[in-house]
*Asks:* 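Quick one: the structure is below, questions incoming.
Computation of the quantities below employed the complete heavy-atom set of this structure, encompassing side-chain atoms and omitting hydrogens, waters and symmetry-equivalent molecules.
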Amino acid sequence: MSATSSESWPLRTHHSTFQSLPLSVHLQKGCLSEYKIGQLYMISKHSHEQSDRGEGVEVVQNEPFEDPHHGNGQFTEKRVYLNSKLPSWARAVVPKIFYVTEKAWNYYPYTITGKSCSFLPKFSIHIETKYEDNKGSNDRIFDNEAKDLEREVCFIDIACDEIPERYYKESEDPKHFKSEKTGRGQLREGWRDSHQPIMCSYKLVTVKFEVWGLQTRVEQFVHKVVRDILLIGHRQAFAWVDEWYDMTMDDVREYEKNMHEQTNIKVCNQHSSTVDDIESHAQTST
């Protein structure tokens, strides 16, 4: 699944994922600007749906941020609680409750996301994302960022690639969904070659787990999880288009704020008294 770099141990695994999306171009709202709203809507709604019984996504910080190189953007920090979603072999070596810290800098159409674990300082995920108005034809898009790395390129097809059965919903299947507002939908095999206009989400995913004996297994598992999340999330962004299509950026930011508040209530009530215990366990483990 994953390709390792040529450097000495500890190794790092790298994936480039290309994900095409069937979005329409308008006179005032092009492909990239349209997807920016759909992406924010999808992330907020998806996080809310996946949060329940003390597990899910807690939003710690979400505010404007300015970078001297990339310009104006948005910084977000989240805690992702997901113990029950781990495989049995992973649950056996982690505390009953733990979280992954996610920090993201969104300078759309370029974003940086970093993830680290509450009790594993030698584990991290780094994702760089670029968006372009093409169908995944720019195979040199990350040459500057990963020129010395050995990479495996993975194309993700939101219509035809299979997702884990437990996440499947016919209403979110691009092969069956038909948008009332845009007329898009019911994508068939080969849609990426025939659908115009089109855009692509390019991601460079780097996973690092510096623990001898578990490194390869964990890194391969993480790459698979990341791929599944990307596939599911972008299927939802497409299938929810009628919900976000008429939104402005102010509208989606207000929606995002409301969803964050509701999601935090679902997650934080369960964990408000356990974060200190988690951090104490992290120090002991280290």
Side-chain angles (χ1 to χ4, degrees), residues 2-3 12-23 30-47 57 59 61-67 69-78 80 100-116 124-147 149 151-158 161 192 197-208 219 222-238 240 244 249 252-253 256:
S2 58
R12 290 163 176 78
T13 57
H14 310 271
H15 266 176
S16 295
T17 65
F18 299 172
Q19 191 158 229
S20 301
L21 302 169
L23 299 178
C31 244
L32 292 179
S33 60
E34 179 183 330
Y35 174 73
K36 182 177 183 180
I37 293 176
Q39 176 202 42
L40 295 173
Y41 182 91
M42 175 269 291
I43 291 173
S44 298
K45 182 174 179 178
H46 176 87
S47 297
V57 181
V59 180
Q61 190 175 353
N62 185 24
E63 60 186 30
F65 182 84
E66 185 173 353
D67 181 86
H69 178 67
H70 299 294
N72 295 327
Q74 192 83 3
F75 170 74
T76 308
E77 180 178 350
K78 301 176 182 179
V80 185
V100 171
T101 297
E102 176 187 294
K103 295 182 179 181
W105 293 263
N106 189 341
Y107 309 106
Y108 193 85
Y110 173 68
T111 65
I112 304 169
T113 304
K115 302 175 190 285
S116 59
S124 65
I125 305 171
H126 183 81
I127 303 174
E128 294 187 58
T129 306
K130 296 182 181 182
Y131 305 94
E132 289 191 347
D133 284 324
N134 55 55
K135 61 180 180 179
S137 54
N138 187 357
D139 57 1
R140 302 180 61 116
I141 192 167
F142 287 117
D143 278 2
N144 290 334
E145 292 80 3
K147 59 183 178 180
L149 304 177
R151 290 172 286 162
E152 178 180 333
V153 177
C154 174
F155 285 89
I156 297 178
D157 188 323
I158 65 169
D161 287 359
R192 288 192 301 178
I198 195 170
M199 66 160 290
C200 183
S201 168
Y202 294 85
K203 293 182 180 287
L204 178 64
V205 182
T206 303
V207 178
K208 180 176 68 174
E219 291 180 350
V222 171
H223 276 301
K224 181 182 184 305
V225 170
V226 170
R227 185 189 185 283
D228 287 345
I229 290 173
L230 294 175
L231 176 57
I232 294 165
H234 286 84
R235 284 164 63 99
Q236 290 176 328
F238 177 68
W240 293 341
W244 57 260
M249 184 54 65
V252 78
R253 285 299 184 194
E256 182 183 51

*Asks:* Heavy atoms, side chains only, cut-off 4.5 Å: are His223 and Glu152 in contact?
*Replies:*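 Result no, sub-4.5 Å side-chain heavy-atom pair not found.
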*Asks:* Restricting to salt bridge (charged side-chain N to carboxylate O under 4.0 Å, His left out), what partner residues turn up for Glu132, sequence neighbours left out?
*Replies:*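 So Glu132 forms no salt bridge (charged side-chain N to carboxylate O under 4.0 Å, His left out) with any residue.
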*Asks:* Can you measure from CZ (Arg235) to CG (Leu230) and round to the nearest 0.5 angstrom?
*Replies:*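 Between Arg235 CZ and Leu230 CG, I get 13.5 Å after rounding to 0.5 Å.
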*Asks:* If you measure only the distance, is there a donor-acceptor pair under 3.5 Å linking the side chains of Thr111 and Asn106?
*Replies:*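 Note: Thr111 and Asn106 side chains miss the donor-acceptor criterion.
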*Asks:* What are the two closest non-hydrogen atoms of Asn134 and Gly136, and how far apart are they?
*Replies:*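 The pair with the smallest heavy-atom distance is OD1-N, 3.1 Å.
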*Asks:* How many angstroms lie between OH in Tyr41 and CH2 in Trp244, if you round to the nearest 0.5 Å?
*Replies:*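 Here the rounded value is 10.5 Å.
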*Asks:* To the closest 0.5 Å, what do you measure between CG (Asp228) and CD1 (Ile156)?
*Replies:*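 Spacing of CG (Asp228) from CD1 (Ile156) equals 8.5 Å.
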*Asks:* By salt bridge (charged side-chain N to carboxylate O under 4.0 Å, His left out), which residues pair with Glu102, not counting sequence neighbours?
*Replies:*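 Glu102 satisfies salt bridge (charged side-chain N to carboxylate O under 4.0 Å, His left out) with Lys115 once adjacent residues are dropped.
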*Asks:* Work out which heavy atom in Ala237 is nearest to a heavy atom in Gly38; give both atom names and the distance.
*Replies:*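 That closest heavy-atom pairing would be CB-O, 4.3 Å.
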*Asks:* Quick one: does Leu40's side chain get under 4.5 Å of Met249's, heavy atoms only?
*Replies:*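 Yes, side chains in contact.
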*Asks:* Around atom NZ of Lys130, are there more than 12 heavy atoms of other residues, nucleotides or ligands at under 6.0 Å?
*Replies:*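 Count over threshold, so yes.
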*Asks:* Taking C-beta and beyond as the side chain, do His69 and Tyr107 meet within less than 4.5 Å on heavy atoms?
*Replies:*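 Answer no - side chains too far apart.
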*Asks:* With rounding to the nearest 0.5 Å, note down the distance linking NZ in Lys203 to CD1 in Ile127.
*Replies:*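 Reported to 0.5 Å precision, the distance equals 6.0 Å.
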*Asks:* So which heavy atom on Ile37 is nearest to which on Val252, and how close?
*Replies:*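 Here Ile37 and Val252 meet closest at O-CG2, 3.7 Å.
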*Asks:* Of all residues at least two apart in sequence or in a different chain, which pass the salt bridge (charged side-chain N to carboxylate O under 4.0 Å, His left out) check with Asp67?
*Replies:*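 Testing Asp67 for salt bridge (charged side-chain N to carboxylate O under 4.0 Å, His left out), a comparison that skips the adjacent residues, returns none.
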*Asks:* Got a second to check how far Met42's CE is from Ser44's OG, nearest 0.5 Å?
*Replies:*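 The distance works out to 9.5 Å.
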*Asks:* Residues in ring-ring contact (aromatic ring centres under 6.0 Å, His included) with His126, at least two apart?
*Replies:*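 Residues passing ring-ring contact (aromatic ring centres under 6.0 Å, His included) with His126: none at all.
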*Asks:* Who passes ring-ring contact (aromatic ring centres under 6.0 Å, His included) against Tyr131, sequence neighbours left out?
*Replies:*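 Here the qualifying residues are Tyr35, Tyr108.
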*Asks:* Indicate yes or no: at least one non-hydrogen side-chain atom of Asp139 is less than 4.5 angstrom from one of Val153.
*Replies:*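 With C-beta onward as the side chain, the pair stays apart.
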*Asks:* Do the side chains of Trp105 and His70 get nearer than 4.5 Å, heavy atoms only?
*Replies:*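 His70 vs Trp105: side chains apart.
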*Asks:* If you define the side chain from C-beta out and look only at heavy atoms, does anything of Ser201 sit under 4.5 Å from Thr129?
*Replies:*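 Side chain of Ser201 against side chain of Thr129, heavy atoms only: contact under 4.5 Å found.
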*Asks:* Mind listing the closest non-hydrogen atom pair of Gln236 and His46 along with its distance?
*Replies:*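 What the structure gives for the nearest pair is OE1-ND1, 2.7 Å.
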*Asks:* In terms of side-chain heavy atoms, does Tyr202 have a donor or acceptor partner in Glu128 at a distance below 3.5 Å?
*Replies:*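 No, because no side-chain N or O of Tyr202 sits under 3.5 Å from a partner of the opposite role on Glu128.
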*Asks:* Just verifying a value: how many Å separate Lys224 NZ and Cys154 SG, rounded to the nearest 0.5 Å?
*Replies:*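 With rounding to 0.5 Å, NZ (Lys224) is 11.5 Å from SG (Cys154).
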*Asks:* Considering residues at least two apart in sequence or located in another chain, which fulfil the side chain to side chain donor-acceptor pair (under 3.5 Å) criterion with Asp161?
*Replies:*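 For Asp161, the residues satisfying side chain to side chain donor-acceptor pair (under 3.5 Å) (neighbours in sequence not counted) are Arg227.
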*Asks:* Determine whether Gln61 and Val59 make a side-chain contact, defined as any pair of heavy atoms from C-beta on separated by less than 4.5 Å.
*Replies:*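 Side chain of Gln61 against side chain of Val59, heavy atoms only: no contact under 4.5 Å found.
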*Asks:* Sort out for me which residue in Gln74, Lys78, Arg253, Glu77 forms a side chain to side chain donor-acceptor pair (under 3.5 Å) with Asn62.
*Replies:*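 Output: one option passes, namely Gln74.
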